[in-house]
Amino acid sequence: MDEQTTRRDLLRICQLMYERSYVVSSDGNVSVLLEDGRVLATPTMTCKGRMTEDLLAITDLEGRSLNGTSASSELAMHLLIYRGRPDVKAVCHAHPPHGTAFAVAGLPIDQPILSEVILTLGCVPLAEYGTPSTEELTNAMRPLVKHHNALLMANHGAVAYGSDLWQAFDRLETLEHTAKIAILSRALGGSRNLPPDAIEKLINVREAAGYLDEGARCQACGYLHETSLACPTGDRPRPNRELTNGRISLTREDLIELLAQATRD
């Protein structure tokens, strides 16, 4: 894809993120790794809903500006992902409300409740809190990047990445949609997980189709414990089911308001 088309796609994705309330004000950032090794990125302190092409920053893979425009202060997060994942060419970081609600509650999105999510995204682990724009954040993300296509960052937000800008955005959108469904199902009394044999079939299908490889059988996939499939990392701590399957008590009025809000979104 030529650079001019890539620039237009990046601006369109920024607009979509803003319109869907995944970001507000100057929140979030998007970048794409160009074929020549340069990084095209959103600038610092700029509303994604009011972005124009002349505001975009260009850096090298060390984060040094190549056009005099300062990229987002969180560009280090993007560069970490590019270095750790040669297959990744684009990154979207945002604060989608439902996904971020999981992040501030200290919960991953790792329950097997939707077949499409198991097929195309896999589980979304929670990276420990790190101060944004510092090595604390990238150090917390580092062990998870290799085995996942999206992450939650505790008390911060979400990041998704892919082979191009649209795949990165699609994964962010899937993360948010899944989080919203999970929250609503818990308000209705709790979700029903898919059975182990169904999970195994879905994982086998996604690997055969090339959606995700065996590396996605990762250390944070809570639902892999219910299957006979092996994890290549050999490190899958059992999730805290008291947190992930806990019921939330709401008044009738709270539930009506929550469902009404969901239908308006």
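Note that the structure is a prediction, hence the values are computed from the model and not measured. Residues take their numbers from the sequence shown, with the count starting at 1. Both backbone and side-chain heavy atoms feed into the values below; hydrogens, waters and symmetry mates do not.
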Quick check: do [X] and [Y] have side-chain heavy atoms less than 4.5 Å from each other?
X	Y	value
Tyr22	Leu16	no
Met45	Ser73	no
Arg217	Ile203	yes
His148	Val124	no
Asn204	Leu229	yes
Ile81	Met141	yes
Leu61	Val39	yes
Gln167	Asp164	yes

Give the minimum heavy-atom separation between [X] and [Y], together with the two atoms involved.
X	Y	value
Val23	Gly28	CG1-CA, 3.9 Å
Leu56	Asn67	O-ND2, 3.0 Å
Gly63	Leu75	CA-CD2, 4.0 Å
Pro112	Ile118	CB-CD1, 3.8 Å
Ala103	Gly157	CB-O, 4.1 Å
Ala140	Ala127	O-CB, 3.8 Å

Treat each ILVMFWY residue as a node, draw an edge where side-chain heavy atoms are under 4.5 Å apart, and state whether [X] and [Y] are in one component.
X	Y	answer
Leu175	Leu126	yes
Ile13	Tyr82	no
Val145	Phe169	no
Val91	Leu34	no
Tyr161	Met153	yes

Distance in Å, [X] [atom1] paired with [Y] [atom2], rounded so as to fall on 0.5 Å steps:
X	Y	atom1	atom2	answer
Leu212	Asn149	CG	CG	5.5 Å
Arg85	Lys146	CZ	NZ	10.0 Å
Gln4	Thr6	CD	OG1	9.0 Å
Thr5	Arg12	OG1	CZ	15.5 Å
Met17	Asn29	CE	CG	7.5 Å
Leu55	Leu11	CG	CG	8.5 Å

Checking side chain to side chain contact (heavy atoms under 4.5 Å, CB included) for the pair Leu66/Arg38: CA distance, chi angles, key distance, verdict?
CA-CA 9 Å; Leu66 299 178; Arg38 295 176 300 149; 3.8 Å; yes
Any chance [atom1] of [X] has more than 12 other-residue heavy atoms, nucleotides or ligands included, within less than 6.0 Å?
X	atom1	result
Glu35	CD	no
Glu19	CD	yes
Glu207	CD	yes
Arg50	CZ	no

Verify, without hydrogens or angle tests, whether [X] (side chain) and [Y] (backbone) share a donor-acceptor contact under 3.5 angstrom.
X	Y	value
His93	Val30	no
Lys48	Val24	no
Glu200	Ser228	yes
Ser65	Gly68	yes

Polar contact flag, side-chain donor to acceptor under 3.5 angstrom, His177-Glu116
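Absent: no donor and acceptor within the cut-off.
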Under 3.5 Å, is there a donor-acceptor pair linking the side chains of Thr131 and Glu136?
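Looking only at side-chain atoms, Glu136 and Thr131 do form a donor-acceptor pair, the distance falling under 3.5 Å.
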Between His98 and Leu184, does a side chain to side chain contact (heavy atoms under 4.5 Å, CB included) hold up when you go through it step by step?
CA-CA 10 Å; His98 299 87; Leu184 288 172; over 6 Å; no
Check this for me, if you would: do Glu176 and Lys180 make a salt bridge, where the nitrogen-to-carboxylate-oxygen distance has to be below 4.0 angstrom?
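Judged by the 4.0 Å cut-off on N to carboxylate O distance, Glu176 and Lys180 do not form a salt bridge.
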Show your working on side chain to side chain contact (heavy atoms under 4.5 Å, CB included) between Thr174 and Val117 and close with a plain yes or no.
CA-CA 7 Å; Thr174 297; Val117 177; 4.1 Å; yes
For Asp170 and Thr120, what are the C-alpha separation, side-chain angles and deciding distance, and is it a side chain to side chain contact (heavy atoms under 4.5 Å, CB included)?
CA-CA 10 Å; Asp170 288 346; Thr120 61; over 6 Å; no
